[in-house]
Amino acid sequence: MSTKEFKRAARIILVGAPGVGKGTQAERLMKRYPQLSAVSSGDLLRESVRNRTPLGLEAEAFIKAGNLVPDAMILKLILDKLKSNRWVSTQSSISDPSPTQPSRDPSASFILDGFPRTATQASRLDSLIPVNLVVSLITPVNIILSRIASRWVHAPSGRVYNTDFNAPKVPGKDDVTGEPLTKRADDDEETWKQRLKKFDETSQPLLDHYDRKNVLWTVKGNSSNEITPKLFQELDARFA
Ligand code: G5P
Ligand code: MG
């Protein structure tokens, strides 16, 4: 696949139902546009759970039950990450955001996968750094459900596999490190349904928020392979 350079900074959010392919598309986008890096709020939370941090210990029950973690918790985690990646000023705080002009340098381009999830989270992010593209990914729910049971992950990196769709080169092993793949604690059908319910409750106000700011773009498809070329075309037109 050929790579493309951005001419201006892209600050992108991926919104979509659990299992729609946010992580899959983020990985593909980073390969096509080397200036992009991605942060997945779910991966950050799972890392905190694995490391048994105080926040991770508190978040674990919410995640396992398929519910959203409280806004304050995810906001702290994301703000720390945005600061350590130097995407926002290190002076910023959630209670007292000090918005700085976002860098126009294309190397300051990023994707947030799974954050913000609520209109409250979106407003807080607005006060830290404005996003310039919100991608709403849509695939029929019955198609997504069939993928969940065959998902395997490499927990330390967040790399995602699927025994039907993108199987690892060696069964049960991560392609890059060779380490064992595991199942996510929230990937059984019942928990997935609860995650979907939460998505249905929170996504419309979130999308409305961004529609009002004229940064919302919707893409539909029955598979990730159908969606990826449309995404590339849109990002080429907007940023490359
Ligand atoms: P996450 O981690 O953000 P979800 O539920 O939003 O979790 P998830 O499950 O990570 O989203 P995804 O990233 O959209 O799904 O999808 P994916 O991993 O790329 O693809 C799913 C599977 O399908 C993979 O196995 C993939 O290989 C395969 N696949 C992809 N495309 C295709 C295809 O075309 N065909 C086939 N056959 N397979 C395909 O959040 C987890 C929890 O963290 C908390 C919440 O508790 C949440 O439930 N959380 C937050 N709480 C509050 N606020 C926030 N902002 C939060 N963020 C996370
Ligand atoms: Mg994901």
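None of the values given here were measured: they were computed from a predicted structure. Just follow the structure's listing: the first ligand is 1, and inside any ligand the first atom is 1.
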Any luck finding a side-chain donor-acceptor pair between [X] and [Y] under 3.5 Å?
X: S223; Y: N225; result: no
X: D126; Y: H209; result: yes
X: N51; Y: S48; result: no
X: T191; Y: D186; result: no

What does the 4.0 Å heavy-atom contact list look like for ligand 1?
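For ligand 1, the contacting residues are A17, P18, G19, V20, G21, K22, G23, T24, S41, G42, L45, R46, I63, N67, L68, V69, I74, G114, F115, R117, Q121, R147, R151, V160, Y161, N162, F165, N166, R184, D186, R195, S223, S224.
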
Can you classify the ring geometry of W87 versus F110 as parallel (below 30°), tilted (30 to 60°) or perpendicular (above 60°)?
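The rings of W87 and F110 lie parallel, inter-plane angle below 30°.
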
What heavy-atom pair brings E27 and R159 nearest, and what distance separates the two atoms?
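Taking every non-hydrogen atom into account, OE2-CA, 3.7 Å.
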
